[in-house]
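What follows is a set of notes on a single structure, which appears directly below.
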2 protein chains.
Amino acid sequence: MTMDARKQQVLLAIITDFITTAEPVGSRTIARRYELGVSPATIRNEMSDLEELGYIEQPHTSAGRIPSQMGYRYYVDFLMEKKKLSLFEVNKVNKGYENKVNQIGEVISNTGDMLSKMTQFTAVIMTPRIEMSSFKQIKLVLLSVKQAMVIVVMNTGALQSNLIEVPEDVNQVDLDMISNVLNAKLGGLTFENIKATLLREIYSEMSRHKNILDLSIDVIEKGMTLNREDKIYLGGVLNILNQPEFHNIEKVKTLLSLLEQEDMLRNLLENSDPGEGVAVRIGSEMEREEVRECSMVLANYHVDGQPIGTIGVLGPTRMDYAWVISVVEYMTKNLSVTMEKMFKGWR
Amino acid sequence: MTMDARKQQVLLAIITDFITTAEPVGSRTIARRYELGVSPATIRNEMSDLEELGYIEQPHTSAGRIPSQMGYRYYVDFLMEKKKLSLFEVNKVNKGYENKVNQIGEVISNTGDMLSKMTQFTAVIMTPRIEMSSFKQIKLVLLSVKQAMVIVVMNTGALQSNLIEVPEDVNQVDLDMISNVLNAKLGGLTFENIKATLLREIYSEMSRHKNILDLSIDVIEKGMTLNREDKIYLGGVLNILNQPEFHNIEKVKTLLSLLEQEDMLRNLLENSDPGEGVAVRIGSEMEREEVRECSMVLANYHVDGQPIGTIGVLGPTRMDYAWVISVVEYMTKNLSVTMEKMFKGWR
DNA sequence: GTTAGCACTCTATGACGCTGAGTGCTAACG
DNA sequence: CGTTAGCACTCAGCGTCATAGAGTGCTAAC
């Protein structure tokens, strides 16, 4: 026994129905709502086959069928028809990008909000990965007697600043000198490329100025810790509470506590890199137990052809993939363009 | 009929019991568990009185009694015995402050985490209010051709930075000049004190240098918007899901969505300023509908005798006030000391 | 004033049976 | 030989009902 056209039709009908109703769907319902031109009995036979093939399952004997994870996968890969965003929605998105184009954070959070509003699920956005960008410039600014600020500009335009303490006898001239050395040594390098050898080299160069040696190390260390600062933005977390599959407090708790732990979430995202285009990860295709009943639709956004971050939507496996994929696709494109514009302006 | 010693004992027993069990407590339970030396019947009589006085209520005829909001209030004001933190806990808190004393954000989030872990409720911390602090120094640093960074240092040591775009022909010398003017005019003033007149004054002074006029305005505006940047840190949000009163998804949703909206939360906090010492706000003593079944224990933390922020714990009205109050009190003291140390080091 | 006793109330729980949705099988049909 | 009508069967969900248990309020006795 193998998949044929009518089985596909039936599977499509089951999934379509289940996505909207969240109820197991029976043979009668399909016969009534979808015009397959056959009787419920025939559909029952097909369903029996589909179950044997593993595409659908039965919660209990006298219930209808629901799609299995494999069913969703088949649907996403072969059956689904992509939807197109309406003009109205396209306009709404474009409006969302008109203001506040000068702050990375604003763009990210705007995108996330729109994404969650349009899909009614939870939006997940990783801010631009700093590992992929290289140092462009490092500035050290003395603010008061013992306090200075490190400002690191990356080639992507990303910018990070941090406070450091400095010895009392350090003045701005010293700091400028240090910046110069750092710029010369580190300019154009990515964080990954900064090896211990290089640090030692800087160290020795600095050692001519004994009293600011410690400081230089401090700066590097700060820089390295800043490295891990790529944040994850979440939008519409509470949307999942509207989904019937999350009427159970325990499930809510496990999922929310996953979302609360940024490390885990980052891990999850990094382990399901979408590569090019939009990727769909269904249930246990993601490693973590907590999202076994969830799916993610994700895509990378790019600057200069380089993927610099990931954007995605997290919802129950029973989500409207066709719609969500279209939205993610469109938003990714827009986000890439917007980021590109911002970075171009800065370089 | 009026409150007397035995009624107090009974009320205390009811509240104590209800706090731990979350179940209505009956006369038998009290007679058994708390040694009042009287029979259940007598306690029933007292309970009847207490109900008439409004301190307790009955969910339904054949159930025990639960404290009313007024009952909790009476308990907090007159009956409760403050608990003391054990040496073990004091040590844990002190450890928490040992590292990372150089970043305000770290201190805040550390405090919040400890607070929520120790109380098992949700911790709410407002970062230092910037309105209360005055400008100490403003720096403008040119980063690239069209891009500069504004760094604002407040007298509290708080620090804010923001990116701005500048015209191409502006160089660091121009920026230094602007910083100087701004420092001269704004130094020592709080945000509140910056009036339109002052801005106009600066404006006119700047007008000598036509081409950087726009820039100056930009800087001020950025500064003003930075103003509203006092964030609210939340710790242990999911703890409330462990409370039996939040087994209902709808309640969870309303409360969480309140917490998600920073403006509302800020409003809530600002409307219940604790003043000196630790304040307790029970149920509808706070204005918002969403927290009618919650209480907050809050206190201000200080630098130089000035309250600069608020720290609090949010939980169901049925919380262990004695314990929570002690924890908040201790944490506030510690936070104040730590902040003071940080700011002293910076001034 | 306190307490034992008792009737009363009301929730929670579990058993029971019914209903309706849905299936799987079989036999008849084209 | 695929399709379908018919039918017996299964099972979750729901309402009903009776029971148990916790707790009260009242009364009368101490």
Side-chain angles (χ1 to χ4, degrees), chain A residues 1-11 13-15 17-18 20-68 71 244-245 247-248, chain B residues 1-11 13-15 17-18 20-68 71 244-245 247-248:
Chain A
M1 176 184 43
T2 170
M3 198 56 137
D4 59 36
R6 198 170 62 191
K7 283 193 187 35
Q8 288 189 336
Q9 280 190 302
V10 173
L11 180 56
I14 292 175
I15 296 186
D17 213 79
F18 186 67
T20 59
T21 63
E23 298 287 329
V25 335
S27 53
R28 267 188 72 84
T29 318
I30 294 183
R32 224 182 316 119
R33 279 212 266 266
Y34 305 84
E35 305 183 349
L36 304 191
V38 291
S39 75
T42 310
I43 294 177
R44 277 205 288 284
N45 289 331
E46 298 289 21
M47 285 167 98
S48 182
D49 291 353
L50 282 170
E51 182 163 5
E52 202 173 324
L53 289 167
Y55 294 113
I56 57 180
E57 45 199 38
Q58 228 173 344
H60 54 262
T61 341
S62 72
R65 306 303 217 288
I66 61 175
S68 69
E245 29 270 277
H247 268 358
N248 175 333
Chain B
M1 173 184 45
T2 170
M3 199 57 139
D4 60 34
R6 197 171 61 192
K7 282 192 187 36
Q8 288 189 335
Q9 281 188 304
V10 173
L11 179 56
I14 291 175
I15 295 186
D17 212 79
F18 186 67
T20 59
T21 63
E23 297 288 326
V25 340
S27 53
R28 267 187 71 86
T29 317
I30 293 184
R32 223 183 317 119
R33 279 212 266 266
Y34 304 85
E35 304 183 349
L36 304 190
V38 290
S39 76
T42 310
I43 293 176
R44 276 205 289 283
N45 289 332
E46 298 289 22
M47 284 167 98
S48 183
D49 291 354
L50 282 170
E51 182 163 7
E52 202 171 324
L53 289 167
Y55 293 112
I56 56 180
E57 45 198 39
Q58 226 174 346
H60 55 260
T61 340
S62 72
R65 307 301 217 287
I66 60 174
S68 68
E245 30 271 276
H247 268 358
N248 176 332

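Chain identifiers are assigned alphabetically (A, B, ...) following the order of the sequence lines, protein sequences preceding nucleic acid strands; residue numbering begins at 1 within each chain.
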Self-check item: Length of the CD-P vector between Glu52(B) and dT24(D), whole Å
Solution: 16 Å

Quiz prompt | Within-4.5 Å side-chain heavy-atom neighbours: Lys7(A) and Tyr55(A) | solution = no

Below 3.5 Å is the cut-off: list the nitrogen or oxygen pairs between protein and nucleotides 11-14 of chain D, distance only.
unit_1, atom_1, unit_2, atom_2, d
dC11(D), OP1, Thr61(A), OG1, 3.4
dC11(D), O4', Ser62(A), OG, 3.2
dC11(D), O2, Ser62(A), OG, 3.1

Self-check item: Met47(A) CE to dG22(C) C1', straight-line distance once rounded to whole Å
Solution: 9 Å

Self-check item: Any Arg65(B) side-chain nitrogen or oxygen under 4.0 Å from OP1 or OP2 of dT24(D)
Solution: yes

Self-check item: Ile43(B) CD1 - dG25(D) P separation (whole Å)
Solution: 13 Å

Provide a list of protein-nucleic acid N or O atom pairs under 3.5 angstrom, restricted to nucleotides 3-6 of chain D.
unit_1, atom_1, unit_2, atom_2, d
dT3(D), OP1, Arg6(A), NH1, 2.7
dT3(D), OP2, Arg6(A), NH2, 2.8
dT4(D), OP2, Ser39(A), N, 3.1
dT4(D), OP2, Thr42(A), OG1, 2.4
dG6(D), O6, Arg44(A), NH2, 3.3

Quiz item: In whole angstrom, what separates Arg32(A)'s CZ from dA21(C)'s C1'?
Solution: 11 Å

Quiz item: Rounded to whole angstroms, how far apart are CD1 on Ile14(B) and C1' on dT24(D)?
Solution: 13 Å

Quiz prompt | Working for side-chain contact (heavy atoms from CB on, under 4.5 Å), residues Ile30(B) and Asp17(B) | solution = CA-CA 8 Å; Ile30(B) 293 184; Asp17(B) 212 79; 6.0 Å; no

Exercise. In whole angstrom, give the distance that lies between atom NZ of Lys7(B) and atom C1' of dT2(C).
Key: 14 Å

Quiz item: Is a donor on one side and an acceptor on the other found under 3.5 Å between the side chain of Ser68(A) and the backbone of Gly54(A)?
Solution: yes

Quiz prompt | Candidates Glu46(A), Arg65(A), Arg44(A) - the one meeting side chain to side chain contact (heavy atoms under 4.5 Å, CB included) with Ser27(A) | solution = Arg44(A)

Quiz item: Quick one: are Met47(B) and Ile14(B) in side-chain contact, heavy atoms under 4.5 Å?
Solution: yes

Practice problem: Calculate the interatomic distance between Glu23(B) atom CD and dA22(D) atom P; express it in whole Å. | Solution: 12 Å

Self-check item: Partner nucleotide of dA20(D) by Watson-Crick or wobble geometry (both distances under 3.5 Å)
Solution: dT11(C)

Exercise. Using modelled atom types only, decide if a donor and an acceptor are shared between the side chain of Glu57(A) and the backbone of Ile66(A) within a distance under 3.5 Å.
Key: no

Quiz item: Hey, does Asp49(A) have a side-chain heavy atom less than 4.5 Å from the side chain of Asn45(A)?
Solution: no

Quiz item: Can you tell me the Watson-Crick or wobble partner of dC6(C), both distances under 3.5 angstrom?
Solution: dG25(D)

